[in-house]
Amino acid sequence: MPPEHEKAPQSAVPGPAGGYRNAPVSAPAPGLTPPGPVTTPDGSGLLAVDFTALLAAIKAAESAAGEAQRAAAQADDATARSGPAPWGDDPGLGQAFGDAFAGPRADLVRTAHQLHLVLRQLADDLAATRGAFAHAEGTALEAVTVLGRRLADLGGAAS
């Protein structure tokens with residue numbers, strides 16, 4: 001020990017000096033854990049598709065499209081029956097009201113006629129989605145089957 005250290009005050013804690021040796025506890029163990037064996041996925045967090053519910057949604061959208069088309073036709077009939085001045089022909093009130101709401105009325109009629117198209121497109125999109133999910137499921141099942149056969153062949157070859 002160098003002479004300058006000989007005169008240093010002595011620690012009240014027994015044991016060698018320096019680093020963790022000065023602490024009254026042991027050094028912490030390293031936080032390293034060896035990796036575990038590779039396991040197959042357990043299926044959590046995967047997408048599950050309820051084909052029955054998807055089919056029900058397709059049928060509901062198709063039904064709503066038909067009802068919207070019928071409602072638009074009924075609105076047309078009601079508008080035709082109201083005549084050329086549906087809000088009345090009084091120049092002070094009826095015509096002014098009709099003039100003010102002619103644009104929104106035309107927008108409503110146009111929207112009513114287009115709603116069934118939107119609902120029909122929704123039904124078509126849901127049907128396409130159902131088909132895509134069914135195809136993906138079939139592809140996945142085929143891949144799992146092929147992988148299972150290959151693993152079985154490898155297992156049989158190792159025996």
Side-chain angles (χ1 to χ4, degrees), residues 19-21 23-159:
Y20 283 105
R21 295 174 288 174
V25 294
S26 63
L32 302 175
T33 308
V38 176
T39 59
T40 57
D42 64 356
S44 64
L46 298 178
L47 175 66
V49 177
D50 184 346
F51 286 104
T52 303
L54 192 54
L55 186 59
I58 294 167
K59 288 182 180 183
E62 289 172 344
S63 174
E67 289 177 25
Q69 191 169 17
R70 284 188 293 279
Q74 288 174 346
D76 279 346
D77 290 345
T79 302
R81 284 193 306 268
S82 66
W87 307 111
D89 56 4
D90 175 64
L93 184 61
Q95 287 179 351
F97 187 82
D99 291 343
F101 287 97
R105 177 181 181 226
D107 290 342
L108 178 63
V109 170
R110 186 173 45 255
T111 301
H113 283 281
Q114 292 174 352
L115 179 59
H116 81 279
L117 299 174
V118 171
L119 292 170
R120 171 64 51 201
Q121 185 62 50
L122 174 64
D124 292 346
D125 290 348
L126 287 172
T129 300
R130 181 181 181 274
F133 280 140
H135 177 73
E137 181 181 49
T139 302
L141 288 174
E142 182 181 329
V144 167
T145 303
V146 168
L147 179 62
R149 287 183 190 142
R150 288 184 182 167
L151 290 175
D153 289 347
L154 289 174
S159 311

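In terms of heavy atoms, Leu54 sits closest to Thr129 at CD2-C, 4.5 Å. Of all heavy-atom pairs spanning Glu137 and Phe51, the tightest one is OE1-CE1, 3.6 Å. In this structure, Ala72 and Ala112 approach most closely via the heavy-atom pair CB-O, 3.4 Å.
For the side-chain contact (heavy atoms from CB on, under 4.5 Å) with Gln121, the qualifying choice from Leu117, Asp125, Leu119 is Asp125, the only one to do so.
For Ser63 (side chain) and Lys59 (main-chain N/O), no donor-acceptor pair under 3.5 Å exists by modelled atom type.
Under the 4.0 Å criterion applied to side-chain N and carboxylate O atoms, Asp107 and Arg110 are assigned as salt-bridge partners.
For the atom pair CD (Glu62) and CG (Leu122), the distance works out to 10.0 Å, reported to the nearest 0.5 Å. In this structure, the separation between CZ on Arg130 and CG on Asp50 is 11.0 Å, given to the nearest 0.5 Å.
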